[in-house]
Amino acid sequence: MIDLQPVKGTRDFFPDEMRMRNWLFQVWRSVSEQAGFEEYDTCVLEHEELYIRKAGDEISKQLYSFEDKGGRRLSLRPEMTPSLARLVLQRTKSLLFPIKWFSMPQCFRYERMTKGRRREHFQWNADIIGQPDMVAEAEILMLLISACESMGLSAKDIRVFINDRRILNAILSQLNVTEKLHSAILVIMDKRDKVSPETLGTMLKDVGMTSSQVQHLNEYLTKTNLQELKEELQHTEGIDELQHLLQLMDTAGYSDYLQFDISIVRGLSYYTGAVFEINSPEKQHRAICGGGRYDSLLSTYGGKSVPAVGFGFGDVVVLDVLRELERFPELTRTLDYTIIPFDNEQVGIALKIANELRSKGAIVDCNFSMKKMKKSLHEANESGAKFAILLFPEELKQEKVVIRDMQLREQNPINITDLISSAGQAA
RNA sequence: GCGGGCGUAGCUCAGCUGGUAGAGCUCUGGAUUGUGAUUCCAGUGGUCGAGGGUUCAAACCCCUUCGCUCGCCCCA
């Protein structure tokens, strides 16, 4: 016997789990489309070099990579943003910016598994490219919030924690840390909540900060008030814009959801401006989603600089959160008709009726098991069919079938032609 | 890399101090010749993850190993 388990860290989706996944995808897709985003996709396979970055992104070390028969180094995509950058760079001259695109790619990362993290997941991505100011952030955050609301999560359940990397950079500049070190330091600071202060200090010194710089940095990181920070820093562009964004969101009616949080950094080195995460207000989970502005990613691939904002929103954590909050939707199979022939004589007519009902748009299945009627009706019940169509020789002689309403448990003979013509409404 | 838990029927799991392998659900048949809630009766289904050891006797104790899972380290 071969191993029936899915590959470690990957999942199988049986039909009941697939219904849940489709429900989630449908939420993602419909809120995206309603907000004017267009869907795109790329192959799950990419050139490995697309993901090789400096500044020590952890994600680059977790690639599923291999060499194909032509000697190419290929990877399963660990995230979607580089592929999106590739698409945009192909057509920077012809695209009409800003563009608003979304995708729901399956992504892979080779890593140790814990709750909420698997080696494969589906990650909704939405990005606005070519919009340099904070209006893009506002639109992206509103899209995220509307998705959460569609899933039944309100401001009581979730919060958007937001920061701006320019604030952190301003602090580092104030401390005379050379700009070359900034992105490496930010990647380390992302670990602030996750490692001991001593370890963090050691890591910071390892990349080139002095003890006194580390000490002063920690003092700045205790600040929770934007205005207070502003008074102490020389370069306040990040603060000004973040205040502008918070003001925009307040006017739009979303201020309950937003909270400035200087500890939000994000692990990806390509972010340049706003960075954000959604979590429960007490941050009790792993972040449900996260993203930010990455104005220089495209230029690092050799194109010109193009402003961009986006996020990734995985399927695993949010489904865990919905399960814990008992907000899981009840999803049943949708089936309008089950056609049950009495014996082999009626198989042909069953197929014919099925076909005609389907051409009316109904969802139709047939039960050709030729089990006892008791059994077949039980199966029809389990399948969630609204109606059972019973084909008995007696009624068929008069061009009739028996239609049984499974919920009302009532049945009547009906002319086949009437059944077909009423199918549009019945379904 | 470190530590804990688990692995028994298709599924979810019980199994006491070592003494004939269990339940619920599912499935099959019947009470019901062409009718699904709930019933009721009967039945199918097991390499107890694998290998070795101790013992008169091992699902149970010991060793090895594989798999799953949770936590830590680490990290979207």
Side-chain angles (χ1 to χ4, degrees), chain A residues 1-12 14 16 51 56-63 77-81 107-125 187-196 199-200 203 264-271 275-279 285-292 310-318 320 338 340-343 345-346 367 369-396 401-413:
Chain A
M1 183 75 111
I2 61 165
D3 191 355
L4 302 179
Q5 294 298 119
V7 171
K8 186 180 177 68
T10 71
R11 299 164 291 172
D12 295 323
F14 283 83
D16 54 336
Y51 306 111
D57 280 15
E58 210 63 32
I59 206 165
S60 308
K61 301 170 193 159
Q62 298 173 333
L63 290 173
R77 63 181 166 217
E79 54 159 339
M80 198 58 169
T81 309
C107 298
F108 296 83
R109 276 193 306 258
Y110 192 87
E111 63 182 344
R112 265 178 232 297
M113 295 163 52
T114 57
K115 186 172 171 58
R117 298 198 79 181
R118 317 198 56 89
R119 290 181 175 174
E120 154 272 323
H121 69 150
F122 289 90
Q123 192 191 58
W124 174 38
N125 279 248
V187 170
I188 293 168
M189 280 168 53
D190 182 53
K191 308 185 204 311
R192 198 164 78 106
D193 286 343
K194 301 150 191 164
V195 302
S196 67
T199 311
L200 193 80
M203 293 169 82
I264 301 297
V265 183
R266 311 280 310 153
L268 293 169
S269 58
Y270 52 63
Y271 289 122
V275 282
F276 52 83
E277 290 177 0
I278 291 184
N279 205 325
H285 309 100
R286 190 175 291 285
I288 293 171
C289 64
F311 63 81
F313 189 127
D315 64 328
V316 179
V317 175
V318 74
D320 280 348
T338 287
I340 305 172
F342 182 61
D343 65 27
E345 296 297 306
Q346 292 89 38
N367 187 334
S369 62
M370 305 306 167
K371 291 174 185 163
K372 297 194 165 158
M373 194 48 65
K374 175 189 168 73
K375 188 73 206 162
S376 292
L377 275 171
H378 181 72
E379 288 176 3
N381 191 45
E382 294 292 305
S383 75
K386 294 187 187 78
F387 297 97
I389 306 294
L390 311 179
L391 308 186
F392 296 117
E394 207 171 304
E395 281 85 1
L396 280 173
V401 296
V402 173
I403 179 166
R404 182 171 179 82
D405 184 313
M406 296 301 290
Q407 268 197 321
L408 299 178
R409 310 168 77 82
E410 286 170 0
Q411 67 187 42
N412 285 298

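Lettering follows sequence order; numbering is per chain, from 1.
- For B/G67, the OP1/OP2 oxygens have no side-chain nitrogen or oxygen of A/Lys8 closer than 4.0 Å.
- Counting only N and O atoms by type, the side chains of A/Asn412 and A/Glu410 include no donor and acceptor under 3.5 Å apart.
- Contacts of A/Gln411 with the nucleic acid, taken as non-hydrogen atoms under 4.0 Å apart, include base atoms.
- The separation between A/Glu382 atom CD and B/U26 atom C1' is 10 Å, rounded to whole Å.
- Nearest nucleotide to the A/Lys374 side chain, out of B/U69, B/G36, B/C73: B/G36.
- Here, B/G46 and B/G22 have their C1' atoms 11 Å apart, quoted to the whole Å.
- Look at CG on A/Asp343: it is 10 Å from P on B/G34, rounded to the nearest Å.
- When all heavy atoms of A/Gly291 and A/Tyr271 are compared, the pair lying nearest together is CA-OH, 3.4 Å.
- Within the 4.0 angstrom heavy-atom criterion, no nucleotide atom of any strand lies near A/Glu379.
- Distance check on atom P: B/A58 versus B/G67 gives 28 Å, rounded to whole Å.
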Review point. Please walk me through it: do A/Phe387 and A/Ile403 pass side chain to side chain contact (heavy atoms under 4.5 Å, CB included)?
Key: CA-CA 7 Å; A/Phe387 297 97; A/Ile403 179 166; 3.9 Å; yes
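- Atoms CE (A/Met406) and P (B/A37) sit 10 Å apart, rounded to a whole Å.
- Across B/G34, B/G36, B/C73, the shortest atom-to-atom separation from the side chain of A/Leu377 is found for B/G36.
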In a table with atom names and distances, give each donor-acceptor pair under 3.5 Å that connects a side chain of residues 370-379 of chain A to protein atoms at least two apart or in another chain.
residue: A/Lys371; atom: NZ; partner: A/Glu379; partner atom: OE2; Å: 2.8
residue: A/Glu379; atom: OE1; partner: A/Asn367; partner atom: ND2; Å: 2.9

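- Here, B/U17 and B/G1 have their P atoms 35 Å apart, quoted to the whole Å.
- To the nearest angstrom, C1' of B/U69 lies 8 Å from CE of A/Met113.
- Rounded to whole Å, atom P of B/G3 lies 13 Å from atom CZ of A/Arg112.
- B/C68 and B/G5 make up a base pair, with Watson-Crick or G-U wobble contacts both under 3.5 Å.
- Note that CZ of A/Arg11 is 4.5 Å distant from CD of A/Glu120, once rounded to the nearest 0.5 Å.
- Within the 4.0 Å cut-off from OP1 or OP2 of B/C68, not a single side-chain nitrogen or oxygen of A/Arg118 is found.
- B/G30 and B/U35 have their P atoms separated by 12 Å, with the value rounded to a whole Å.
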Could you list the protein-to-nucleotides 40-45 of chain B atom pairs, N/O on both sides, closer than 3.5 Å?
none

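- Evaluation of the side chain to side chain donor-acceptor pair (under 3.5 Å) rule for A/Glu395 yields no partner, not counting sequence neighbours.
- B/C62 and B/G45 are spaced 33 Å apart, taking the C1' atom of each and rounding to whole Å.
- Going from atom CG of A/Asp16 over to atom P of B/C11 covers 14 Å, rounded to whole Å.
- Here the CG-SG distance, from A/Asn125 to A/Cys107, works out to 6.5 Å after rounding to the nearest 0.5 Å.
- Going from atom CG of A/Leu408 over to atom P of B/G36 covers 16 Å, rounded to whole Å.
- Seen from the ring of A/Phe108, A/Arg77 does not count as a face-on cation partner, given the 6.0 Å and 45° thresholds.
- Nucleotide B/C61 forms a pair with B/G53, judged by Watson-Crick or G-U wobble geometry with both contacts under 3.5 Å.
- Rounding to whole angstrom units, CD1 of residue A/Ile340 and P of B/G36 are separated by 11 Å.
- Nucleotide B/C48: unpaired (no Watson-Crick or G-U wobble partner with both distances less than 3.5 Å).
- Of the nucleotides present, B/C11 is the one that pairs with B/G24 by Watson-Crick or G-U wobble criteria, both distances under 3.5 Å.
- Each of A/Gly9 and A/Gly290 was matched to the nucleotide of RNA chain B holding its nearest heavy atom; the match closer to the 5' end belongs to A/Gly9.
- Taking atom P in both B/A9 and B/G4, one finds a spacing of 26 Å when rounded to whole Å.
- Residue contacts for A/Asp405: at a heavy-atom cut-off of 4.0 Å it reaches a base atom on one of the strands shown.
- Side chain A/Glu395 to base B/G34: a donor-acceptor pair is found below 3.5 Å.
- A/Leu390 comes within 4.0 angstrom of a nucleotide base, judged by non-hydrogen atoms across all strands.
- Distance check on atom C1': B/G71 versus B/U65 gives 23 Å, rounded to whole Å.
- Taking atom P on both B/U54 and B/C63, the two are 15 Å apart, rounded to the nearest angstrom.
- Contact annotation: A/Lys372 does not reach the phosphate of B/G29 (side-chain N/O to OP1 or OP2, under 4.0 Å).
- For the pair A/Arg118 and A/Thr10, the minimum side-chain heavy-atom distance is 4.5 Å or more.
- Between A/Arg286 and the options A/Val316, A/Asn279, A/Val317, a side chain to side chain contact (heavy atoms under 4.5 Å, CB included) holds for only A/Val317.
- When each of A/Lys375 and A/Phe392 is assigned the nucleotide of RNA chain B bearing its nearest heavy atom, the one mapping closer to the 5' terminus is A/Lys375.
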